[in-house]
Amino acid sequence: MSLKEQVDITKLPKHIGIIMDGNGRWAKRRGKIRIFGHENGVRAVREAAEGSAELGVDYLTLYAFSSENWRRPQKEIQALMNLLVRTVKREMKTLHDNDIRLNTIGDIGKLGKDASNSLQKAMEETHDHKRMVLTLALNYSGRWDIAMAARQIADKARSGEINPDDVNADTIEHFISTSGMPDPELLIRTSGEHRLSNFLLWQLAYSELYFCNTLWPDFNRENLYQALIDYQSRERRFGQISEQLNNK
Ligand code: IPE
Ligand code: IPE
Ligand code: MG
């Protein structure tokens with residue numbers, strides 16, 4: 001049985017998050033500069049997006065540039081921004097062919113005019129696509145996300161629209177950048193690193209975490225199926241005990 005056939009499509013996560021990591025090391029192993037790895041990571045993005053959409057996943061969220069990534073050498077940042085603009089333009093056909101809507105989270109305004117304009121345009125052009133929402137986390141960090149939600153709630157409290165006594169987890173849910181999406185049931189991180197690096201801190205509270213050693217440019221549909229098969233073998237208890245789940 002192929003890996004794809006082993007995935008139970010009745011038990012798919014609605015939302016998958018991926019920390020795409022390992023581009024630099026992939027390039028270094030080939031004696032190339034880091035940006036060569038980023039360029040080759042685009043194919044893996046296509047594999048993950050098409051593979052998820054084909055199976056019936058509703059939301060795929062990819063960590064593409066963290067708030068902390070501004071600390072990288074200026075040359076690499078510039079090359080990443082150029083690659084982003086080129087890729088968004090070049091992959092419009094992939095989005096249309098697969099009926100995928102593009103979305104972003106993060107402080108996009110700070111990415112520069114070219115990047116924010118091309119993202120805006122792509123989001124408008126794919127707005128009516130229905131099969132899957134592909135969210136790129138750009139200039140994103142989980143703490144920024146929570147802080148921005150807190151700021152909006154504080155604003156509403158000041159203007160009297162919200163009673164501070166009523167603020168609870170649902171209020172945060174309403175103002176967090178992924179509002180309206182289910183939390184990711186599955187988080188994948190490639191390249192053998194075992195950390196969250198400030199990705200979706202609020203939303204990952206109960207996610208199943210899957211780490212693999214594959215470097216991002218090598219990631220393909222088979223790796224995705226492998227992660228899903230592993231996810232489907234787990235018992236998600238949400239604080240209950242096994243017997244309670246099995247009695248249902
Ligand atoms: C992930 O690959 C891509 C981004 C963070 C933009 P890295 O660039 O972090 O690759 P490694 O971790 O150095 O190998
Ligand atoms: C996390 O990867 C950010 C993205 C994948 C965009 P990094 O490679 O930047 O993370 P750290 O710095 O090693 O934790
Ligand atoms: Mg890295």
Side-chain angles (χ1 to χ4, degrees), residues 15-49 51-52 59-91 102-112 114-116 118-119 122 134-148 177-178 184 186-204 207 209-220 223-224 227:
H15 186 175
I16 301 176
I18 306 184
I19 301 176
M20 312 183 285
D21 200 9
N23 295 352
R25 278 163 283 169
W26 187 91
K28 197 171 176 192
R29 280 186 198 172
R30 287 162 177 75
K32 307 274 194 191
I33 56 165
R34 297 178 54 82
I35 189 67
F36 182 69
H38 299 314
E39 281 164 358
N40 279 278
V42 175
R43 191 198 41 78
V45 171
R46 207 181 299 123
E47 282 282 308
S52 300
Y59 300 90
L60 176 67
T61 300
L62 304 176
Y63 205 9
F65 192 85
S66 73
S67 311
E68 287 77 22
N69 286 145
W70 294 111
R71 300 162 82 180
R72 293 194 177 194
Q74 194 52 40
K75 245 176 115 173
E76 181 172 346
I77 296 173
Q78 199 47 56
L80 274 169
M81 293 304 149
N82 292 341
L83 177 64
L84 174 67
V85 174
R86 263 186 289 138
T87 304
V88 169
K89 285 188 184 142
R90 209 181 284 161
E91 297 299 326
L102 186 71
N103 176 42
T104 61
I105 52 172
D107 199 353
I108 302 302
K110 300 231 168 72
L111 293 178
D114 277 0
S116 56
S118 63
L119 287 164
L134 171 65
T135 301
L136 300 180
L138 288 158
N139 192 14
Y140 177 88
S141 89
R143 287 185 174 178
W144 169 85
D145 199 358
I146 296 167
M148 285 307 113
S177 64
T178 53
L186 170 63
L187 172 83
I188 300 172
R189 184 170 188 152
T190 56
S191 87
E193 305 292 355
H194 297 180
R195 56 177 172 272
L196 298 180
S197 301
N198 218 345
F199 189 45
L200 300 177
L201 297 179
W202 174 272
Q203 298 87 337
L204 294 176
S207 307
L209 308 181
Y210 178 85
F211 300 101
C212 63
N213 291 328
T214 308
L215 300 175
W216 180 251
D218 290 328
F219 190 89
N220 59 24
N223 297 110
L224 177 72

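Just so it is clear, the values below take in all heavy atoms, side chains as well, and ignore hydrogens, waters and symmetry mates. Whatever order the structure lists them in is the order used to number ligands and atoms, beginning at 1. Throughout, numbering of the chain's residues begins at 1 and tracks the sequence. Computed from a predicted model, the values in this text were never measured in an experiment.
Classified by interplanar angle (parallel below 30°, tilted 30° to 60°, perpendicular above 60°), the ring pair Y140/F199 is perpendicular.
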Evaluate the criterion side chain to side chain donor-acceptor pair (under 3.5 Å) for residue pair W26 and D218; output intermediate values, then yes/no. CA-CA 8 Å; W26 187 91; D218 290 328; 2.9 Å; yes
Q203 vs H15, test: side chain to side chain donor-acceptor pair (under 3.5 Å). Steps then yes/no. CA-CA 11 Å; Q203 298 87 337; H15 186 175; over 6 Å; no
Run the side chain to side chain donor-acceptor pair (under 3.5 Å) test on N198 and W144 for me, step by step, so that the C-alpha distance in whole Å, both residues' side-chain angles and the decisive distance to 0.1 Å come before the verdict. CA-CA 9 Å; N198 218 345; W144 169 85; over 6 Å; no
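Taking distance alone, with nitrogen or oxygen atoms compared against 3.5 Å, Y63 stays at or beyond that limit from ligand 2. In terms of N/O distances under 3.5 Å, ligand 2 is approached by S197. Between A64 and ligand 1, a contact under 3.5 Å exists for no N or O pair. No N or O atom of W26 sits closer than 3.5 Å to an N or O atom of ligand 1.
No heavy atom of S191 sits closer than 4.0 Å to any atom of ligand 1.
Between the side chain of Y63 and the backbone N or O of S141 there is no donor-acceptor pair closer than 3.5 Å. A side-chain donor-acceptor contact under 3.5 Å links D145 to the backbone of S177.
Listed by number with element, the atoms of ligand 2 under 4.0 angstrom from any heavy atom of F65 are 6 (C). Against a heavy-atom cut-off of under 4.0 Å, N69 is close to the following atoms of ligand 1: 5 (C). Remark: ligand 2 atoms within the under-4.0 Å shell around heavy atoms of R195 are 11 (P), 13 (O), 14 (O).
Remark: among candidates R25, R189, E68, R71, the nearest residue to atom 10 (O) of ligand 2 is R189, based on non-hydrogen atoms. Counting heavy atoms only, R72 comes closest to atom 9 (O) of ligand 1 of the residues E193, M20, R72. Among L84, D21, I77, I19, the residue whose heavy atom sits closest to atom 7 (P) of ligand 1 is D21.
Per-atom contact check: atom 12 (O) of ligand 2 does not touch the protein, criterion being a heavy-atom distance below 4.0 Å.
Of all N, O or S atoms in D21, the one lying closest to the Mg ion (ligand 3) is OD1.
Ion pair E39/R34 not flagged as a salt bridge, since none of the NZ, NE, NH1 or NH2 atoms sits closer than 4.0 Å to an Asp/Glu carboxylate oxygen.
In R86, the CZ atom is crowded: over 12 heavy atoms of neighbouring residues, nucleotides or ligands sit closer than 6.0 Å. In this structure, R143 places its CZ atom where only 12 or fewer heavy-atom neighbours from other residues, nucleotides or ligands lie under 6.0 Å away.
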